[in-house]
Amino acid sequence: MIKGMSATRDTAQAADLLTWYDRHARELPWRVSPAARAAGVRPDPYRVWMSEIMLQQTTVAAVKSYFEAFTTRWPTVSDLAAAEDADVMAAWAGLGYYARARNLLKCARAVADEHGGVFPQTLEGLRALPGVGPYTAAAVAAIAFDLPETVVDGNVERVMARLHDEHMPLPQSKPVLTGYAAALTSQGRPGDYAQAVMDLGATICTPRNPACGLCPWRTACAAWDRGTQAELPKKAPKKRKPTRHGIAYLVKRVDGAWLLERRPDSGLLGGMLGWPGSDWSEEAPADAPPIRAEWKTLNAEARHTFTHFHLRLTVKTALVPMERRPERGEFVEAEVFDAGDLPTVMRKAFALTTG
DNA sequence: GATTCGTGGTC
DNA sequence: TGACCAAGAAT
């Protein structure tokens with residue numbers, strides 16, 4: 001009866017974590033507390049989905065203000081589905097990974113148009129939505145609908161690697177870690193369990209200096225037994241980032257309007273507003289101004305690091321008369337222009353012009 | 001399976 | 001300063 005004993009042990013272990021979660025759950029704007037959940041309060045699937053999209057590769061601290069802004073401005077999935085693309089992209093500006101914002105809108109419109117404004121309540125139905133992958137589908141299924149699905153994010157990978165002293169490096173070990181996680185998933189309180197495992201990873205079983213003395217799973221933890229927790233999970237070595245160079249053209253019209261360009265939907269910063277500019281490559285960029293003007297080159301360059309390269313951006317500025325027509329981009333009136341609508345690298349270039 | 005795709009905080 | 005890291009998905 002190895003199988004039965006194993007299942008019994010895992011159930012008790014899940015219960016230990018849930019007991020810890022009942023006392024130590026983080027209070028988050030999108031979360032229904034375990035006490036409220038026990039009293040029958042159900043999470044709003046729209047808010048759960050929104051939070052999960054925003055939290056992809058993004059810290060809780062960074063997400064909070066965006067979550068409040070989005071859910072205040074667009075309280076329901078139907079409200080969001082009816083929003084203008086430009087408004088959603090501007091509201092997302094600064095949060096990064098802009099494909100998420102494009103898919104957020106696609107998904108809201110799919111739910112509104114193809115599902116009657118109601119999120120699908122199966123793993124497969126959720127997984128079919130734009131921007132919803134294996135993790136997010138499981139998270140929404142578990143948290144919003146209390147389905148016994150297994151969430152595997154970076155936290156869970158780390159917790160499982162330590163719990164089982166798994167030294168195989170990620171991402172190779174992912175299927176193994178997923179199997180460990182699935183064996184532990186609570187059948188009784190799936191939503192709370194999913195959030196509990198991630199809270200454990202975020203507050204106790206942290207990447208550096210894990211607080212093993214406070215961990216409800218310490219006695220079950222193979223890494224704790226062997227003292228290997230600090231070196232887990234192992235990860236494949238990363239490539240170093242090359243440095244690319246580019247030019248940004250910041251053009252102000254005499255009435256205060258700024259020349260901006262909407263970037264193509266695919267690729268880096270896709271769908272976002274930005275300054276007209278050169279390509280960004282490792283070779284020196286060719287000068288290709290978007291409008292005829294007297295150019296001044298700023299002394300300082302805007303430096304920014306993306307996921308896979310460093311960027312050094314030369315900033316050129318010009319002041320042009322009302323009647324001058326650009327070859328690229330469109331002027332945005334001074335009253336409408338808001339640097340906060342731009343991605344961070346474009347804000348950095350703008351900041352150089354204002355001191 | 002490997003790449004692409006942001007940003008801000010931290011050590 | 002620079003590398004690492006954070007509730008991944010799409011291609």
Side-chain angles (χ1 to χ4, degrees), chain A residues 26 28-31 47-67 89 92-104 106-107 126-144 149-159 169-175 178 181 191 193-203 205-210 230 233-244 263-272 274 280 303-311 342-348:
Chain A
R26 288 178 292 173
L28 301 169
W30 46 85
R31 173 173 288 178
R47 292 167 65 85
V48 173
W49 163 76
M50 176 79 73
S51 69
E52 291 301 341
I53 301 297
M54 288 184 168
L55 286 163
Q56 289 168 7
Q57 297 289 288
T58 308
T59 59
V60 166
V63 164
K64 279 182 177 173
S65 65
Y66 285 85
F67 178 83
M89 299 312 289
W92 196 277
L95 196 56
Y97 283 147
Y98 298 99
R100 293 185 297 173
R102 301 193 301 272
N103 284 328
L104 189 81
K106 279 188 199 167
C107 182
L126 291 163
R127 179 67 184 79
L129 295 169
V132 177
Y135 163 77
T136 304
V140 174
I143 297 169
E149 304 294 350
T150 302
V151 298
V152 184
D153 71 333
N155 288 306
V156 177
E157 289 173 353
R158 184 171 59 256
V159 169
L170 284 163
Q172 188 189 351
S173 60
K174 172 116 183 179
T178 298
Y193 177 81
Q195 295 175 92
V197 160
M198 293 190 284
D199 271 24
L200 187 72
T203 65
C205 196
T206 50
R208 289 176 301 235
N209 303 318
K234 304 251 186 227
K235 294 191 177 179
K238 305 185 176 172
K239 290 191 294 190
R240 63 172 287 279
K241 301 181 202 298
T243 298
R244 298 187 188 175
R263 300 173 64 88
D265 256 354
S266 62
L268 192 66
L269 308 179
M272 297 299 290
W280 298 341
R303 291 193 180 199
H304 191 73
T305 298
F306 293 97
T307 310
H308 53 293
F309 65 94
H310 303 288
L311 178 66
L342 307 179
T344 298
V345 62
M346 302 296 175
R347 295 182 197 177
K348 285 184 180 177

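All figures in this text were calculated on a predicted structure; none of them were measured in a lab. The chains referred to below are lettered A, B, ... by the order of the sequence lines, with proteins before strands, and numbering in each begins at 1.
- Residue contacts for W49(A): at a heavy-atom cut-off of 4.0 Å it reaches no nucleic acid atom on any strand shown.
- Bounding nucleotides for the chain A contact on DNA chain C, 5' to 3', at a heavy-atom distance below 4.0 Å, are dC5(C) to dA10(C).
- Across all strands shown, K174(A) has no heavy atoms under 4.0 Å from either base or sugar-phosphate atoms.
- At least one donor-acceptor pair under 3.5 Å links the side chain of R100(A) to the backbone N or O of L95(A).
- In summary, the side chains of Y135(A) and Q56(A) do not present any donor paired with an acceptor at a separation below 3.5 Å, with no hydrogens or angles considered.
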Summary of protein contacts for nucleotides 3-11 of chain B, nucleotide by nucleotide, where a base hit scores B, a sugar-phosphate-only hit scores S (4.0 Å, heavy atoms) = SSBBBS---
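- Of the two residues near DNA chain C, G131(A) and T206(A), the one whose nearest nucleotide lies more 5' is T206(A).
- At the heavy-atom level, K238(A) lies under 4.0 Å from the strands shown only through sugar-phosphate atoms.
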Below 3.5 Å, can you tabulate the donor-acceptor pairs from side chains in residues 149-157 of chain A to any protein atom, sequence neighbours excluded?
| residue | atom | partner | partner atom | Å |
| --- | --- | --- | --- | --- |
| T150(A) | OG1 | T185(A) | OG1 | 2.8 |
| D153(A) | OD1 | N155(A) | N | 3.2 |
| D153(A) | OD1 | V156(A) | N | 2.9 |
| D153(A) | OD2 | N155(A) | ND2 | 3.0 |
| N155(A) | OD1 | R158(A) | NH2 | 2.8 |
| E157(A) | OE2 | K174(A) | NZ | 3.1 |

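- Residue L28(A) is in base contact, counting any heavy-atom pair closer than 4.0 Å across all strands shown.
- At the heavy-atom level, P130(A) lies under 4.0 Å from the strands shown only through sugar-phosphate atoms.
- Two rings, from H308(A) and F306(A), have their centers 6.0 Å or more apart.
- Counting non-hydrogen atoms under 4.0 angstrom, V132(A) reaches the backbone sugars and phosphates but no base.
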